[in-house]
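Order of the sequence lines sets the chain letters (A, B, ...), proteins ahead of strands, with each chain counted from 1. Since the structure is predicted, the reported quantities are computational estimates derived from the model, not experimental observations. The analysis underlying the following values was restricted to heavy atoms, covering all of them including side chains, and did not include hydrogens, waters or symmetry mates.
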Amino acid sequence: MDLLTSTTVQQIINAVSVGAIYALFALGYALVFSILGVLNLAHSAIFMWGAFIGMLALDPEKAPILIAFSIAALLLSIPSILLEKRIVQPQLLRLPHQSQRFVGLIVRVVALYLLWQIGRPIYGILIGILPETMIIPAIIAFVFSVLGGGILSVILEFTAFRPLRARNAARLAQLVSSIGAALVLVNVAQIAFDWLYNRTEGYYPRDVQLLPFIPTETWIIGDLRITPIRVVILVIALGLMVALQYMVTKTQIGQQMRAVAFNQRISSLLGIDVSRVYIVTFFLAGAFGGAAGMLFGMVFLNVTPFIGESIALVGLTAIVLGGLGSINGAVLGGFIVAFIQTASVTFGGSSYRNAIVFILLFLVLLLRPQGILGQAEENRA
Amino acid sequence: MKTSRKLFLLLLILSLPTLFISAQDDMDMQIGFWEECATPENLPETVTIGAIFSLSGPVSVYGSVQNQGVVLAIQDINEAAYLGEGVTLEVIFEDAQNDAEQAINAMTKLIEEDGVVAVLGPTLSTQAFSADAIAQENGIPVMGVSNTASGITDMGDFVFRNSLPESAVTPGTIAQASEILGIESVGVLYGNDDDFTVSGYEVFVDALEDNDIDILREETFAVGDVDFSTQLTNLLSDEPDALVISTLAAEAVQIITQARDLGFDGPIIGGNGLNSPSIIEQAGDDAEGVIAGAAWNIASPNPLSVAFAAAYQEAYDFAPDQFATQAYTGAWLMATAIRCADSTDGQAVRDALAGIEGFDSPLGSFSFAEDRNPVHDPVVQIIADGAFTVLGADMTDE
Amino acid sequence: MGFLIDGFNQLQTWLLILLSPLNITEPVLQFMLVSAILGLSIYLTLYTGMFSLANGGFMAIGAYVSVLLTQQAGWSLSLSILTGMIVAGIIAVPIGLPVLRLRDIYLAIATIGFGEVVRIMALNFDDLVESFIKWMVQKEILFDSLISRAETSDMLDITIRDNGNVRVNFELLGGARGIKGIPVMAETWMLVLFLIIVIYFIIRLHRSRLGRAMAAIRQDEQAASNMGIDVVYVKNVVFVLSAMIAAAAGGLSGHLTRIIDPSNYGFDLVVDILAYAVLGGTQTWAGPVIGAMVLRALPETLRGFSELRGLINGLILLGAIVYLPSGLVDIKGFRGLVAYFRNNRTQRKEMVKDNANT
């Protein structure tokens, strides 16, 4: 009997720690959905890049490559943004309307190619200056992941979402363009993996200490075993959730975000910089995705370009279950999915655990179509 | 970093011929100098074969090392002028990702448009069941280098494989483990949505019953899962003597480390999924006591295997696994068949391939059985002191 | 009939020679046609304003049913595909009634969930039957008839060990290993014929009462309901039709690939089907057909790029969505383009001025 209860407690601990990762991942999904009303299916690719960037930063041999690449990209981003804003966009406006888009595409492709060619020698010089191996503290690697995820997400906003929004495209088209973006991100990662590791997988070092005072040894309390990293994830997930909640309700940008979520056109008339709100939203979502990716890598070690695929559907389920557009709902949904999966395994149905999740989702949707914490659609739009 | 790597590669390429000559002089470690056949005379200048591997998508973890194994073999074959002076063996690699339809498309393209002599692959058994039939219809020999599902070679007399099915490996693994370690009860964890892991699981269950070992509980997971602690907690609550897991390499490290995190310190028994060098690298101390029965292992003392492992490590910067070795051997077997047939005719190559017997390879002495399945000795290894060692060997020391 | 097929085969040979620079061989063409049928199945629901992604699940049902019928029961291809379609249609009714009340993304996720449940059931069906039979044997329910069944059937195998352990082996769907050794019965002309039939059917549908009701529901569900259209009925009929078309595609593709296994019908497939429709455009039936064919041919055509293949594929999808607002088949855009080129120089110049001023 004693064994049974300790097993049960251990299972609850397992569920909570998996739930924390699901929740952290779902948070980014939910954020974009709540502001734009669009599902960003490339979020799982951002998650993967977060894990990938963190892995590179922690690998002493690969860290110089990452740093040289980041510096080169930063150096080039300033002139390229200026070029886009000052020259490309004003010039494009002078062209006939019908050909703007097409000419714009060609000009930008050519510009990207030129930047690539300029960037290569810069990268080469930087790689020459930097030492062969660099040891980066885990917390800095974490910052890299978070920033990397955020920046990638903002790039995504400019390439895959903004042009579609500009012409009032259907949400369906935005969904598919995010699928295309995910394809691109995953394939770039695959090429990068092949180049850096000669194969499409890599591993995190074991027992990474995120901060010096966090232990890495497993805690043993009676029959229970808890790995500290899982507690760290839980704390970070809950912390980020609270911070986000605070930001959305208390800060000015948060209020603007809510206004834009409510109605973009009215917000714009009220003088809110809608474009800036979108950028902030995407950056935050990407940062959460990147953070989730890095933490995922630290716990599960093995990273491939495809780790996003299995969590994508879980994250989707979590946000729908919790209530689309609700940030607390996403977190709740993540934990619920983890608990259902754990419970179905505990009671002998490990083969059916995802089927049970979906059947439950089905029932919840029928009884309460807006999800557990979601508001009814009429109240939102 | 990049330039130094390039320099290193250049040095490597420059030094390759010398390495080659010295190795040959020293102990004749070069694979493939199979004395049975004379140097061919009737081959065209380039002989083209095809290779269908999963080079992108989730299965590329296996497909890319297979690709590297074949590339290495082709270099060796051409440098040794194995098909005769001035004859080059060329491989056209096609990516089939992880679906059967792309395997069909790739096979059709290779046969109809590129006119290949023979084909290696595809990576997955499910792809083999779709694509190999096309090779059979066209009279082109095809050799699976990682297909382990039963019934692959039943598709026809042009379909071969050099990958030992789990049913040829597992009974020995369980028998040895139970004899040496005295295991009486186990918990079983397996992936239930992949044909390799399901086949492996079924063979394990049969072997466990044959050895009168109790299965206390069975749990499943899905490919791509990363958290196994729930299933493991369940299994460990029964306090089994050992865990038996049927998994692919991708999930193995997590299963091992999470089982250890949950306090399990008994043996963890598995098939080829546990046979990857990355297990020791990544799981560290947790990997101690992992028992892997497989067709090939990096600890194999076979000199051809040692030479191959060293060459692979040098070329790609990481240790080869069984997939790489089987692909490497597969390319050599195909080249040998073409050499012996002294022809690019599909039927002739097929006949020569079927006739290969006692071929010295990194997998050991290799032959094809009557039904075109591989015949060679599997190995059962245990991880002890941070290295794979033959299971029986270190026990006799004690 | 015979000379028609001969004529078609002649045509196909020429077509394939023309397409060979694009790496389109006969199997590629066949899979393109299957995808086109799938594209039409999602087109029907999208046209009615329903974001349903259940097509993958129905495709699986159609594939499994028709393959079992041809392989185990020896039925003819057309009859078994028809049965697969009917089975999928029947299953679609109880699924559609509750689910079609949902909208947008909620409907999408619920229907994705349906597909996943179908996939997981196909994966575990044999196990489920095994444990059921094992339970019956242990409880000695129908013991004798089960044992005698097992002796004659090659699907079922029961062994009772000395220590009383019962092993039951049941193989029908094959779990993760799928059903293999399926005879290749589908031919290109059948696919073309079926595609033409579906297109004809859809064109007729558009002109019918039901078709107009579908368009009305997409425009405004509330208004359609006010006009006296039975929204629930129309939605369910469309859902069933879409399920049947998807099931037919499943049956046809199952008889092309020689093996079917549950992993073919996962989330990836659903995402692909959606991309067919959106890339092609959902203004007319031609959109999903063209979109599906292009997206299926693209990976093969790009084979020459080896490792860059996937990247270019993704960039083309992204570029097409971003730069072609209404998809590849854009009727308005085409008309606009024609009108643009008909305009004379002066008008163009004026346009430039207008644009510069704004």
Chain C contacts, top residue of B:D95, B:I134, B:T197 (heavy-atom pairs, under 4.5 Å): B:D95
Among B:N192, B:D194, B:V198, which residue has the highest count of heavy-atom pairs closer than 4.5 Å to chain C? B:N192
For the student: nearest non-hydrogen atoms of B:D193 and C:A176, plus distance: C-CB, 3.3 Å
Where on C:D268 is there a heavy atom nearer than 4.5 Å to chain B: the side chain, the backbone, both, or neither? neither
Between C:I182 and chain B, which part of the residue has a heavy atom less than 4.5 Å away: side chain, backbone, both or neither? neither
When rounded to the nearest 0.5 angstrom, what is the spacing between [atom1] in [X] and [atom2] in [Y]?
X	Y	atom1	atom2	value
B:S150	C:K180	OG	NZ	4.5 Å
B:I104	C:Q30	CD1	CD	8.5 Å
C:T257	B:Q127	OG1	CD	12.0 Å
C:S263	B:N98	OG	CG	7.5 Å
B:E112	C:S20	CD	OG	10.5 Å
B:F129	C:I179	CZ	CD1	13.0 Å

Heavy-atom distances under 4.5 Å only: say whether B:S199 touches chain C with side chain, backbone, both or neither. both
Considering only heavy atoms, which portion of B:A106 lies under 4.5 Å from any heavy atom of chain C: side chain, backbone, both, or neither? both
Can you tell whether the side chains of C:R303 and B:E113 come within less than 4.0 Å, N to carboxylate O? no
Are B:E94 and C:R309 close enough for a salt bridge, meaning some N to O gap below 4.0 Å? no
Do B:D99 and C:N264 meet the criterion of a side-chain donor-acceptor pair at a distance under 3.5 Å? no
With a 4.5 Å cut-off on side-chain heavy atoms, are C:N23 and B:K109 touching? yes
Kindly indicate whether the side chain of C:R258, heavy atoms from C-beta on, has any atom under 4.5 Å from the side chain of B:M155. no
Is the count of non-hydrogen atoms from other residues, nucleotides or ligands lying under 6.0 Å from C:Q138 atom CD greater than 12? yes
